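Scroll down for the structure; my scribbles are underneath it.
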Amino acid sequence: MSAGELVMRCFHARTVAHVLHLKTRSYATHKALNDFYDEIVPLADSFAEAYQGDYGLIQDYPARFQMHTDPLDMLSTLSEWISKHRHECCDEDDTYLQNIIDEIVALIRGTQYKLRFLR
């Protein structure tokens with residue numbers, strides 16, 4: 001189930017980022033979140049398609065959703081989950097899948113940088 005959960009967490013992060021993007025009064029935050037939500041779905045989709053090419057269709061996509069009011073909190077929560085569960089999503093030896101997860105983490109880290117330092 002972790003592969004499906006990773007995909008759904010990325011999809012949910014996209015929705016949260018879009019809502020927070022619309023609510024902010026900071027142009028830098030607006031742009032940083034715009035970049036994040038534009039880029040996270042293609043990465044999650046790439047992971048899901050590559051995963052399914054090897055393991056078969058993902059059947060379990062958890063339905064729970066958590067709204068956040070702080071984009072840095074949302075990104076930290078996602079990052080922490082990925083750090084804890086990345087090797088449950090796919091084998092450590094599946095470097096092509098681990099590389100996509102690394103790209104997701106890089107997007108999170110880059111967005112955190114923009115939110116913290118580019119005000």
Side-chain angles (χ1 to χ4, degrees):
M1 176 165 105
S2 290
E5 185 155 356
L6 172 63
V7 172
M8 285 306 290
R9 283 178 176 266
C10 290
F11 287 174
H12 290 325
R14 181 254 172 251
T15 300
V16 171
H18 202 154
V19 170
L20 296 176
H21 152 92
L22 293 170
K23 291 174 78 173
T24 187
R25 293 176 186 259
S26 162
Y27 182 74
T29 298
H30 183 81
K31 290 300 289 173
L33 293 173
N34 191 129
D35 292 346
F36 178 81
Y37 74 70
D38 278 349
E39 295 176 33
I40 192 67
V41 170
L43 289 171
D45 190 66
S46 179
F47 175 84
E49 290 177 355
Y51 178 93
Q52 291 180 142
D54 203 5
Y55 292 98
L57 293 179
I58 298 170
Q59 297 297 324
D60 293 324
Y61 290 96
R64 67 186 170 276
F65 178 81
Q66 179 183 4
M67 189 60 195
H68 291 263
T69 57
D70 179 344
L72 284 169
D73 178 58
M74 179 269 296
L75 293 168
S76 292
T77 299
L78 179 58
S79 179
E80 289 168 11
W81 187 91
I82 291 170
S83 292
K84 184 174 181 181
H85 298 283
R86 69 181 295 148
H87 297 299
E88 296 168 23
C89 295
C90 56
D91 290 336
E92 193 171 340
D93 294 337
D94 291 336
T95 56
Y96 64 99
L97 294 172
Q98 292 296 332
N99 285 337
I100 298 168
I101 294 172
D102 286 340
E103 289 182 52
I104 292 169
V105 172
L107 175 61
I108 292 167
R109 296 289 185 261
T111 305
Q112 287 172 319
Y113 155 74
K114 291 173 186 175
L115 292 171
R116 285 186 183 126
F117 301 112
L118 304 180
R119 298 195 174 259

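All of these numbers come straight from a predicted model, not from anything done at the bench. Starting from 1, each residue takes its place in the sequence as its number.
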**Asked** Heavy-atom count around Y113 OH within 6.0 Å, excluding the residue itself: above 12?
**Response** no
**N-O pairing of D102 and R109 below 4.0 Å** = no
**Item:** Trace of the side-chain contact (heavy atoms from CB on, under 4.5 Å) decision for E39 with T111
**Value:** CA-CA 11 Å; E39 295 176 33; T111 305; over 6 Å; no
**Prompt:** Is there side-chain contact between K114 and D35, with at least one heavy-atom pair below 4.5 Å?
**Reply:** yes
**Asked** Using the ring of each side chain (for Trp, its six-membered ring), is H21 parallel, tilted or perpendicular to Y37, with breaks at 30° and 60°?
**Response** perpendicular
**Complete:** Residues A17 and F36: closest non-hydrogen pair is CB-CD2, 3.6 Å
**Nearest heavy-atom neighbours spanning F11 and A44** = CE2-CB, 3.7 Å
**Message:** How close do I104 and I40 get, counting heavy atoms only, and between which atoms?
**Reply:** CG2-CD1, 3.8 Å
**Message:** Using the rule that Ile, Leu, Val, Met, Phe, Trp and Tyr join whenever any side-chain heavy atoms are under 4.5 Å apart, tell me whether I108 and M67 fall into a single cluster.
**Reply:** yes
**Request:** Dump the intermediate steps for side-chain contact (heavy atoms from CB on, under 4.5 Å) on I100 and Y51, then the final yes or no.
**Result:** CA-CA 10 Å; I100 298 168; Y51 178 93; over 6 Å; no
**Asked** Just how far is it from atom CG of L75 to atom CG of L115, taken to the nearest 0.5 Å?
**Response** 6.5 Å
**Request:** Using the rule that two of Ile, Leu, Val, Met, Phe, Trp, Tyr join whenever any of their side-chain heavy atoms come within less than 4.5 Å, decide whether Y27 and L22 are in one cluster.
**Result:** no
**Item:** side-chain hydrogen bond (donor to acceptor under 3.5 Å, both in side chains) partners of residues 7-17, not counting sequence neighbours, each pair once
**Value:** E5-R9, R14-H18
**Distance in Å, H85 NE2 paired with E80 CD, rounded so as to fall on 0.5 Å steps** = 10.5 Å
**Request:** Give the minimum heavy-atom separation between I58 and A3, together with the two atoms involved.
**Result:** CD1-CB, 4.2 Å
**Message:** I'd like to know if the side chain of S76 reaches the main chain of L72, judged simply by a donor and an acceptor atom lying under 3.5 Å from each other, with no hydrogens or angles considered.
**Reply:** yes
**Request:** Indicate yes or no for a side-chain donor-acceptor contact from T24 to the backbone of L20 under 3.5 Å, with no hydrogens or angles considered.
**Result:** no
**Prompt:** Minimum heavy-atom separation for G4 to Y61, with atom names?
**Reply:** O-CD2, 3.7 Å
**Message:** Could you go through Q98 and H87, starting from their C-alpha distance and side-chain angles, then the distance that decides it, and tell me whether this counts as side-chain contact (heavy atoms from CB on, under 4.5 Å)?
**Reply:** CA-CA 8 Å; Q98 292 296 332; H87 297 299; 3.6 Å; yes
**Asked** Atom CE of M74 and atom CG of L33: how far apart are they, to the nearest 0.5 Å?
**Response** 6.5 Å
**Request:** Measure across A50 and L97 and return the closest heavy-atom pair with its distance rounded to 0.1 Å.
**Result:** CB-CD2, 3.7 Å
**Message:** Let me confirm one number: the CD1-OG1 distance from I101 to T95, rounded to the nearest 0.5 Å.
**Reply:** 11.5 Å
**Message:** What verdict does the side-chain contact (heavy atoms from CB on, under 4.5 Å) test give for F47 and C89, after you've listed the backbone C-alpha separation in whole Å, the side-chain angles of each residue and the deciding distance to 0.1 Å?
**Reply:** CA-CA 10 Å; F47 175 84; C89 295; 4.2 Å; yes
**Asked** Atom OG in S2, atom CH2 in W81: separation rounded to 0.5 Å?
**Response** 5.0 Å
